[in-house]
Amino acid sequence: YTGIAVAGTHGKTTTTSMIAHILIEADHEPSYIVGGVMGNTGHNADAGTGRAFVIEADEYGNMFLGLTPQVAVLTSVEFDHPDFFATEQELTATFAKFIAQIPEDGLLIACADDAGAHDFAQQHSGRAMLYGIESGMWQARQIRYETTILRFSVYREEDYLGQATLPIPGRHNILNALAALIVADHQG
């Protein structure tokens, strides 16, 4: 199995859902646990027969410290959950512990447009891949808002990979989709 954990203070549920959706549509039959009910399946979890296990990795209560993912997505890191984390330093220390649990042959996928996620990718001793609109190895370019949908071109470095269409608005969802596409690419 390939353990795929999606962490971050924002975007976990959407990104985890997108990854599971792409893998389901590609007949990879992933197992998944998402923090919300997915529109396309009507479930928040399923035990698939494929090799991927996709999980929303929540920092609250240090829950994600029980995971050792082969692939970790880091959408964002900023102070959150003041009822559990007394300080921002306590929160970032917990994220550092989570990132340290990625095995040497694993992959960290981090948002270059988020300062916290970007910093963790820069400090990570293993393999890291950055994505974003402004910078990163994977980028969204030529973004077009059309009534109820979003369209953008996907690039890996200077290689054009194709057009993406999202039925949901927002720059944050472009970033979530880029992370999901990187995981999908990693999974073949």
Side-chain angles (χ1 to χ4, degrees), residues 1-24 30-48 52-103 106-126 128-132 136 168-184 186:
Y1 279 93
T2 301
I4 303 163
V6 180
T9 49
H10 305 290
K12 291 184 296 286
T13 301
T14 303
T15 305
T16 307
S17 296
M18 287 178 171
I19 293 166
H21 176 76
I22 292 169
L23 295 177
I24 290 167
S31 297
Y32 61 88
I33 300 174
V34 182
V37 175
M38 291 177 49
N40 63 320
T41 67
H43 305 284
N44 75 317
D46 191 19
F53 188 107
V54 185
I55 187 167
E56 181 173 334
D58 196 353
E59 71 277 5
Y60 190 81
N62 294 328
M63 295 304 293
F64 64 1
L65 295 182
L67 304 171
T68 53
Q70 185 68 25
V71 176
V73 175
L74 189 56
T75 60
S76 58
V77 180
E78 63 181 49
F79 188 56
D80 197 9
H81 307 299
D83 59 323
F84 182 76
F85 297 106
T87 65
E88 184 174 356
Q89 292 75 21
E90 193 177 307
L91 175 114
T92 55
T94 300
F95 271 97
K97 288 177 188 173
F98 172 71
I99 299 301
Q101 293 177 177
I102 302 168
L107 173 64
L108 172 61
I109 300 167
C111 183
D113 292 2
D114 179 84
H118 184 267
D119 287 348
F120 274 107
Q122 296 301 312
Q123 297 166 20
H124 183 56
S125 62
M129 193 170 298
L130 290 164
Y131 66 91
I168 50 178
R171 172 187 167 91
H172 59 291
N173 284 315
I174 294 170
L175 295 170
N176 295 336
L178 279 173
L181 289 168
I182 295 168
V183 172
H186 182 269

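All values below were derived from every heavy atom in this structure, side-chain atoms included, with hydrogens, water molecules and symmetry-related copies excluded. We count residues from 1, following the sequence as given.
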TODO: Can you measure from CG (L130) to CZ (F120) and round to the nearest 0.5 angstrom?
DONE: 13.5 Å
Task: From CG (D113) to CZ (R171), nearest 0.5 Å - done: 5.0 Å
Open item on the list: Once rounded to the nearest 0.5 Å, what's the spacing between atom CG of L178 and atom SG of C111?
Closed with: 8.5 Å
TODO: Identify the residue among V77, L74, T94 that makes a side-chain contact (heavy atoms from CB on, under 4.5 Å) with I99.
DONE: L74
Task: By side chain to side chain contact (heavy atoms under 4.5 Å, CB included) - contacts of P169 (at least two apart) - done: none
Task: Heavy-atom closest pair, residues A5 and A57 - done: CB-CB, 3.9 Å
Open item on the list: Could you check whether any side-chain heavy atom of N62 comes within less than 4.5 Å of a side-chain heavy atom of F85, counting everything from C-beta outward?
Closed with: yes
TODO: Can you spot which of T75, V183, V6 makes a side-chain contact (heavy atoms from CB on, under 4.5 Å) with T16?
DONE: V6
- [ ] Taking all non-hydrogen atoms of both residues into account, name the closest pair between P103 and Q70 and its distance.
- [x] CG-OE1, 3.5 Å
Task: Considering all heavy atoms, the nearest E59-G8 contact - done: OE1-O, 3.4 Å
- [ ] Kindly compute the distance separating CD1 (I4) from OG1 (T15), expressed to the nearest 0.5 Å.
- [x] 12.5 Å
Task: Minimum-distance pair of heavy atoms, taken over all atoms of G35 and E56 - done: N-OE1, 2.6 Å
- [ ] Quick one: pull up OG1 in T14 and CD1 in I19 and give me the separation to the nearest 0.5 Å.
- [x] 11.0 Å
Open item on the list: Against V54, only a single residue in D46, I22, L23 fulfils side-chain contact (heavy atoms from CB on, under 4.5 Å); can you say which?
Closed with: L23
Task: Residues forming a side chain to side chain contact (heavy atoms under 4.5 Å, CB included) with A20, sequence neighbours excluded - done: Y32, M38
- [ ] Heavy atoms only: give me the nearest A72-I102 pair and the separation to one decimal.
- [x] CB-CD1, 3.6 Å
TODO: Measure the shortest side-chain to side-chain distance between P30 and F53 over non-hydrogen atoms and say whether it is less than 4.5 angstrom.
DONE: no
Open item on the list: So, using side-chain hydrogen bond (donor to acceptor under 3.5 Å, both in side chains) as the criterion, who are the partners of D114 when residues are at least two apart?
Closed with: none
TODO: To the nearest 0.5 angstrom, please state how far the NE2 atom of H43 sits from the CD1 atom of I33.
DONE: 14.0 Å
- [ ] Spell out, as yes or no, whether a donor-acceptor pair under 3.5 Å connects the side chain of Q101 to the backbone of L65.
- [x] yes
TODO: Could you label the plane-to-plane angle of the F64 and F98 rings as parallel, tilted or perpendicular, counting under 30° as parallel and over 60° as perpendicular?
DONE: parallel
